[in-house]
Protein chains: 2
Amino acid sequence: MLKSEGLNVAVVGVTGAVGTRMLKMLESSPLPVKSLFPLASVRSAGKKVLFCGKEWTIEEAKPESFEHIDIALFSAGGSVSKQLAPEAAKRGAIVIDNTSAFRMDKDVPLVVPEVNEQALFKHHGIIANPNCSTIQMVAALEPIRKAYGLTRIIVSTYQAVSGAGAKAIAELESQSKAVLDGETPEVAIMPVKGDKKHYQMAFNAIPQIDLFQPNDYTFEEMKMINETKKIMDDQEIKVSATCVRVPVSISHGESVYIEIDKTDVASADLKHLLADAPGVILEDDPANQVYPMPASATGKKEVFVGRIRRDPDVANGFHMWIVSDNLLKGAAWNSVQIAESLLKLGLVKV
Amino acid sequence: MLKSEGLNVAVVGVTGAVGTRMLKMLESSPLPVKSLFPLASVRSAGKKVLFCGKEWTIEEAKPESFEHIDIALFSAGGSVSKQLAPEAAKRGAIVIDNTSAFRMDKDVPLVVPEVNEQALFKHHGIIANPNCSTIQMVAALEPIRKAYGLTRIIVSTYQAVSGAGAKAIAELESQSKAVLDGETPEVAIMPVKGDKKHYQMAFNAIPQIDLFQPNDYTFEEMKMINETKKIMDDQEIKVSATCVRVPVSISHGESVYIEIDKTDVASADLKHLLADAPGVILEDDPANQVYPMPASATGKKEVFVGRIRRDPDVANGFHMWIVSDNLLKGAAWNSVQIAESLLKLGLVKV
């Protein structure tokens, strides 16, 4: 519901897969929104979006768009954020940026509210929303880290195509149709829109998300490694990642191996912890085939954890399976949740 | 080509996803086949199969079917193997069994020819073909184990539905069509035909393959753990597995982490090793986006390895991505390859 006293909120990239969900998350949030400023590229300017039962006209995102904005949610790609987020901050808006543009900047808090909400106090106008696959992992592991210490993480991801945007979902659908009809699928976007080669995503698995780095890890893998250490504020945790795209539209799966500081912890202890953890839902009942899956996590805000079991040979080693909606907790919901935290901590005033 | 002097070969379960491929692998093998004995359940008896340009009539598999058979390839499910493989062996046939029925029996060699061909000398009439996901992993890791020692394996699988048979492929296709048409998909087979609950496989990932065991690992995961140790003849290797089914028709992917005995090995050393390894094809050129994928591995007999890189924090730790056609090297081809090894080693005589 719109408030007469409240915040002016801008959403940059409002027509995208994440932007549309930011509006939904804002609508269901207790955050007092006075006015919405839907922003996008010039192509979308003039179109309308529905928010809180009212039509709002999309305007082209420009430096001047951010005059009188309290909170600006950015999800229009790294280059747009690099150009416009400092302009918005300069004009007094607090930017919550969903791209990787500022995540590793020392002056930019990288925040998952369940993990490091207090880092928000150190912001200088820009706050970064972590990478989707990182968010769900650290949200699930933080309760374990707090209770038992965390020395090592090895993650293999099963990532949905929506992480590459709405066009990637459309490509998966059209490719799937083509394959089922016995036709040759058109291949134009996956694995990485700007890379040299493209491969069929339908009924396939592609071990490349984002561009390769000089060390032969992909940028997505390095994001998981570096962001995890920054969010948990611990450069000593050993983190490694293998990121793979699978033909799923929404919600990432993660097979995660961890080592903790103690050897006398049972998998039941971890389950008890996670059953009460904020933002986490334990789905772990093998006898009744209860475990997280993308199909059941999609559309929900929580991080789902299951398949928790001790390593057969390593007393302080545990395996688990973590699933969450990459467009919600992985992006839109975590961004709006950060806005809610800002209000709660008195960092933004109505 | 059929030989006037040669072997009488029975194929049990000849109409299945693996059985049909066993015929193809036999056709292209130098193995001298004199006569084919296609066997199946009573439902398929009387139907014809084409082999080496000739039609052969399927007969019902019974104990007497194995009189005068030299080699019997079984792939009709564990219960059929349990009942009929001993009957075939009793009648002098050498059984190569693709099910899990005898794999962990002390008297049954569990063989991947690139790894432990010599174990065939110890057979007593029955030889087991390992689990599909195990075969491709050990074929890729054995050259590394030989050169540098292998102390630890952590694997997360991305397994194709064809591992659950031809009906699972059909289910994935019909579910995919339903979802794309906006209809509710019918759910009857996955993740495990005989288990209590079934879940949508299309555009989903399911962290259950085969039934759960009392230790909360699935039987598929325990197969990977136990079979790897048996094939490599080393109970000291630490092995753990998380097995996940993905909406791919054919070819399994595996994200594999290993630790070796030495700390002065570079990822380039592992690549050199695997480039020359038998049955392995190195596909590892990140700069040119060259890596293995199910879509490119399907229909090929080799095991494809790529994405080899050192762990960021552990000097003797390496990550890699292994893909192979689960119906060929994971089943039909490895079985026929075992038959070729038997002939080469003089364990079967023409």
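Any value given below was found using the heavy atoms of this structure, including those in side chains, with hydrogens, waters and symmetry copies removed. Per chain, numbering begins at 1; letters A, B, ... match sequence-line order.
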Practice item. Find the one option among A/Q213, A/Q208, A/E173, A/Q200 whose heavy-atom pairs under 4.5 Å with chain B are most numerous. Key: A/Q208
**Study point:** Validation row: A/P312, B/V239 side chains within 4.5 angstrom (heavy atoms)
**Key:** no
Review point. Should A/E221 and B/R307 count as side-chain neighbours, where that means a heavy-atom distance under 4.5 Å?
Key: yes
Point to revise | B/S240 and A/R310 side chains, donor-acceptor separation under 3.5 Å | key: no
Review point. If only atom types and distance count, is the side chain of A/Q289 paired as donor or acceptor with the main-chain N or O of B/K196 below 3.5 Å?
Key: yes
Check your understanding: Do B/D181 and A/K177 meet the salt-bridge criterion of a basic N to acidic O distance under 4.0 Å?
Key -> no
Check your understanding: Are B/T242 and A/R309 close enough that some pair of their side-chain heavy atoms sits under 4.5 Å apart?
Key -> yes
Check your understanding: Are B/I237 and A/D313 close enough that some pair of their side-chain heavy atoms sits under 4.5 Å apart?
Key -> no
Point to revise | Region of B/A202 in contact with chain A, defined by heavy-atom distances below 4.5 Å | key: neither
Practice item. Indicate the ring-plane relationship of B/Y158 and A/Y158, choosing parallel, tilted or perpendicular according to the 30° and 60° boundaries. Key: parallel
**Study point:** Atom group of B/I225 that falls short of 4.5 Å from chain A, counting heavy atoms
**Key:** side chain
Practice item. Please look at B/I154 and chain A and tell me whether the side chain, the backbone, both or neither of the residue comes under 4.5 angstrom of a heavy atom of that chain. Key: side chain
Check your understanding: So A/Y291 and B/F212, would you call those rings parallel, tilted or perpendicular, with 30° and 60° as cut-offs?
Key -> tilted
Exercise for review: Under 4.5 Å heavy-atom distance to chain A, tell me which part of B/A241 shows up: side chain, backbone, both or neither.
Suggested key: backbone
Check your understanding: B/T157 versus chain A, heavy atoms under 4.5 Å apart: side chain, backbone, both or neither?
Key -> backbone
Exercise for review: Return the option, out of A/A160, A/S251, A/S176, A/S249, with the maximum number of heavy-atom pairs under 4.5 Å with chain B.
Suggested key: A/S176
Exercise for review: Check whether any side-chain heavy atom of B/P247 sits under 4.5 Å from a side-chain heavy atom of A/P247, and report yes or no.
Suggested key: yes
**Study point:** By salt bridge (Lys or Arg N to Asp or Glu O under 4.0 Å) - contacts of A/K329 (at least two apart)
**Key:** A/E114
Point to revise | Min side-chain heavy-atom separation A/V244-B/M293 under 4.5 Å | key: no
**Study point:** B/P214 versus chain A, the contacting section by heavy-atom distance below 4.5 Å
**Key:** neither
**Study point:** Per-residue contact mode, B/T218 against chain A (heavy atom under 4.5 angstrom)
**Key:** both
**Study point:** Best-contacting candidate, A/S267, A/S255, A/P286, against chain B by heavy atom pairs under 4.5 angstrom
**Key:** A/P286
Point to revise | salt bridge (charged side-chain N to carboxylate O under 4.0 Å, His left out): pairs with one or both residues in residues 243-255 of chain A, sequence neighbours excluded | key: none
**Study point:** B/F203 and A/L172, any side-chain heavy atoms less than 4.5 Å apart
**Key:** yes
Study note, to complete from the structure: Applying a strict 4.5 Å limit to non-hydrogen atoms, the region of B/D284 in contact with chain A is neither
Check your understanding: Looking only at atom types and distance, does a side-chain atom of B/Y199 sit under 3.5 Å from a main-chain N or O of A/A295, one as donor and one as acceptor?
Key -> no
Review point. How far apart are the C-alpha atoms of A/N288 and B/K197, what are their side-chain angles, what is the distance that settles it, and do they pass the side-chain contact (heavy atoms from CB on, under 4.5 Å) test?
Key: CA-CA 8 Å; A/N288 291 304; B/K197 292 184 195 167; 4.1 Å; yes
Check your understanding: Would B/R152 and A/D311 satisfy side-chain contact (heavy atoms from CB on, under 4.5 Å), going step by step from the backbone distance to the final call?
Key -> CA-CA 12 Å; B/R152 184 153 204 203; A/D311 188 271; 3.3 Å; yes
